[in-house]
There are 2 protein chains.
Amino acid sequence: MTKGHTDSISQSVSVELIAVLVAVTNGQPKVITVSSGDALPAGPLEESHKSLQAGLRAWVADQTGRRPGFVEQLYTFADRDRGHSEKYTRQISISYLGLTGEDGPLLASTSWRGWYGYLPWEDRRDTVPALLKDIVEPGVQRWVIATKDASARQARRERAAIAFGLDGRNWNEDLVLQRYELLFEAGLLPEAGPAGRRSLRLGSPMEADHRRILATGIARLRAKIKYNPVVFELMPPIFTLQQLQQCVEAIAGANLHTPNFRRLIEQQQLVEATGAMVADTGGRPARAYRFRAEVKEERAAVGARLPIARA
Amino acid sequence: MTKGHTDSISQSVSVELIAVLVAVTNGQPKVITVSSGDALPAGPLEESHKSLQAGLRAWVADQTGRRPGFVEQLYTFADRDRGHSEKYTRQISISYLGLTGEDGPLLASTSWRGWYGYLPWEDRRDTVPALLKDIVEPGVQRWVIATKDASARQARRERAAIAFGLDGRNWNEDLVLQRYELLFEAGLLPEAGPAGRRSLRLGSPMEADHRRILATGIARLRAKIKYNPVVFELMPPIFTLQQLQQCVEAIAGANLHTPNFRRLIEQQQLVEATGAMVADTGGRPARAYRFRAEVKEERAAVGARLPIARA
DNA sequence: TGGCATATACTCATCCGGAGAAAAACAAAT
DNA sequence: ATTTGTTTTTCTCCGGATGAGTATATGCCA
């Protein structure tokens with residue numbers, strides 16, 4: 001498509017901003033929801049908004065009374081046939097991830113909900129959820145063998161094995177979206193429509209594709225937390241290392257090896273001791289820490305590496 | 001913003017798809033451009049398109065006669081005041097990265113251009129570009145000291161040091177977008193408007209923010225190539241390890257350490273020898289390789305790791 | 001005082017990545 | 001035929017990061 005066509009569109013288009021607003025309080029990762037937990041907060045892009053990010057921040061501030069310290073665009077998708085009018089309409093949905101604290105008042109219509117209520121198979125902290133063996137794996141298995149073609153079946157088997165750590169593979173906590181999509185395709189989620197089995201209780205559903213957007217946000221956050229010190233935004237100013245670890249565990253949905261976690265944090269010099277102690281831990285008092293502000297810029301980007309030739 | 005407002009929008013909105021279509025041929029990374037290299041190909045989202053990705057693929061196929069094997073959304077942004085009409089209009093631009101080969105015919109109005117023509121400071125393969133020392137660093141330095149406030153100046157200095165590897169830091173090839181944005185802010189690019197110094201020859205400019213989108217695409221590709229075997233899409237079916245290395249070097253803009261690169265590829269089992277040899281290399285004949293198809297699924301996601309507690 | 005629970009420190013083996021040396025296999029020049 | 005050059009290919013060495021497990025410190029509470 002060459003230039004010059006770019007202003008030709010005239011179909012009816014509406015633009016919607018959808019937010020995954022995350023907080024973590026004592027080991028519980030949460031998102032802001034509306035409609036009694038049935039949907040993510042969403043609002044139209046308004047004329048007054050200078051940019052998408054600005055628009056999002058504007059109404060997030062309205063909602064939560066707080067301004068999220070970290071906001072990142074997730075994904076944009078377009079649906080046809082979304083409106084009820086006879087006119088052919090197109091909806092563009094732009095989703096964002098935002099990190100904040102749980103404090104600050106919410107409007108009555110909104111509330112915090114634990115995110116593992118929507119994706120219970122993602123929380124493997126203390127035990128591997130029973131529904132994985134009881135519901136997910138049999139359902140996925142049915143989906144695998146539901147294909148006649150042998151190579152297609154093999155492809156499905158491989159995909160399932162990767163997503164859910166089957167066949168001796170390891171569970172990869174980053175594959176939140178892949179798991180959601182597989183369950184959706186397998187018809188194991190009510191969102192999948194009439195084919196979806198409403199009888200299975202695989203977490204609470206959400207309207208439209210909001211649960212999918214939530215999965216996207218969690219996936220992004222789980223990936224990001226490994227190379228970018230965004231946990232910052234989810235922690236109070238002063239905290240103990242265990243609190244920090246529990247926050248990361250809540251996000252990752254897995255228990256961490258405490259000594260190694262500690263070593264990781266220290267060698268990256270993410271935090272500094274305040275000197276104060278926190279005594280009400282139930283055991284030995286813990287040192288209080290704060291984040292090193294400098295880190296924010298320093299470690300803003302480290303990432304993986306290529307075998308680059310020096311000199 | 002609670003639900004129920006979501007269909008209230010009525011301002012005039014147009015949706016534009018912009019593509020960064022990449023190919024690499026003998027050490028030259030290239031993008032498809034229009035308008036004699038002044039812009040990236042862009043087209044409106046049409047009613048017939050089922051989804052954004054489908055829309056993009058449709059007209060990419062028209063343009064190049066090839067279907068890119070890999071397509072990924074980059075970023076969405078919204079501008080006001082973009083149209084010329086008196087009506088207040090809003091343009092949504094959704095950008096995509098696509099990987100393909102250079103073969104296949106192009107329309108006359110489109111052409112491949114080397115991407116380092118637009119971002120010459122990003123190519124550090126054989127030598128560090130002279131314009132870094134000659135133009136970029138002095139310009140950035142002026143921008144740093146152009147702030148009165150001491151702490152703001154320090155922040156700028158830090159940011160510049162990270163982006164361009166100053167003050168003893170290493171160059172981080174992933175920070176393509178950060179570098180572009182800094183140069184833009186510093187008024188060193190003609191795109192920055194009247195403040196921009198058109199006299200400086202810091203690469204060829206592009207219309208609107210297309211050069212920024214290109215930077216976004218390059219950054220994404222440089223990051224992605226490290227944990228996801230997308231080089232696939234840019235290579236012919238059979239190749240030598242040196243060709244593969246040169247392709248990665250072209251993308252990364254840096255020379256790689258050959259033995260270590262080899263070791264990396266082998267230990268990841270990305271490729272398998274065909275048995276054939278390629279003799280016209282100028283030196284010792286090289287083994288011919290192909291990608292292992294299985295890898296595509298296997299290594300679709302590996303990523304960094306957290307100190308997860310087993311057991 | 002003796003558990004109990006958590007916090008913190010230390011050890012050890014292994015793997016991976018950066019860096020460089022060197023051998024192998026051809027072509028072209030002498 | 002020998003030398004030189006160029007590229008491919010294989011090894012080695014080393015330090016630091018990582019996985020895994022053990023041990024000690026320090027409070028509270030019964």
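These values consider heavy atoms only, across backbone and side chains, with no hydrogens, waters or symmetry-generated copies. Throughout, protein chains are lettered first and strands after them, A, B, ... in sequence-line order, and every chain is numbered starting at 1. Everything quoted here is computed from the prediction, not taken from an experiment.
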For [N], does either OP1 or OP2 sit under 4.0 Å from a side-chain N or O belonging to [X]?
X: A/Gln242; N: C/dT6; result: no
X: B/Gln245; N: D/dT8; result: no
X: A/Arg287; N: C/dT6; result: no

Please report, rounded to the nearest Å, how far the [atom2] atom of [N] is from the [atom1] atom of [X].
X: B/Phe261; N: D/dT7; atom1: CZ; atom2: C1'; answer: 16 Å
X: A/His257; N: D/dA17; atom1: NE2; atom2: C1'; answer: 15 Å
X: B/Asn255; N: C/dG18; atom1: CG; atom2: P; answer: 15 Å
X: B/Arg262; N: C/dG18; atom1: CZ; atom2: C1'; answer: 17 Å
X: B/Leu264; N: C/dA19; atom1: CG; atom2: P; answer: 14 Å
X: B/Leu241; N: C/dA24; atom1: CG; atom2: P; answer: 20 Å
X: A/Gln267; N: D/dA17; atom1: CD; atom2: P; answer: 5 Å
X: B/Gln246; N: D/dT8; atom1: CD; atom2: C1'; answer: 13 Å

Which pairs pass ring-ring contact (aromatic ring centres under 6.0 Å, His included) with one or both residues in residues 238-277 of chain B, sequence neighbours excluded?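 Applying ring-ring contact (aromatic ring centres under 6.0 Å, His included) to every pair that reaches into residues 238-277 of chain B, excluding sequence neighbours, yields B/Phe239-B/Phe291.
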Side chain of [X] only, heavy atoms from C-beta on: which candidate in [options] is closest?
X: B/Glu266; options: D/dA17, D/dT10, C/dG20; result: D/dT10
X: B/Arg263; options: C/dA9, D/dT10, C/dA19; result: C/dA19
X: A/Pro259; options: D/dT9, C/dA19, D/dG21; result: D/dG21
X: A/Asn260; options: D/dT8, C/dG17, D/dA20; result: D/dA20

Regarding A/Thr240, tell me which of base, sugar-phosphate or nothing describes its non-hydrogen contacts under 4.0 Å with the strands shown. nothing
What closest approach, in Å, do A/Ile162 and A/Leu175 show between heavy atoms, and which atom pair accounts for it?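 Smallest heavy-atom distance, with atoms named: O-CD1, 3.6 Å.
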Shortest non-hydrogen contact from A/Glu173 to A/Arg179? O-NH2, 3.4 Å
Would you say the side-chain atoms of B/Gln268 pair up with the backbone N or O of B/Ile265, donor to acceptor, closer than 3.5 Å?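 A pair under 3.5 Å: no.
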Look only at the side chain of B/Ser95 and the backbone of B/Tyr75, and say whether a donor-acceptor pair between them is shorter than 3.5 Å. yes
All N/O contacts under 3.5 Å from nucleotides 25-30 of chain C to the protein, with atom names and distances to one decimal?
| from | atom 1 | to | atom 2 | distance (Å) |
| --- | --- | --- | --- | --- |
| C/dA25 | O4' | B/Arg284 | NE | 3.3 |

Looking only at the side chains, is there a donor atom on one of B/Glu233 and B/Thr100 sitting less than 3.5 Å from an acceptor on the other? no
Note: A/Asp174-A/Lys226 ion pair, threshold 4.0 Å (strictly below):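 Result for this pair is yes, salt bridge flagged.
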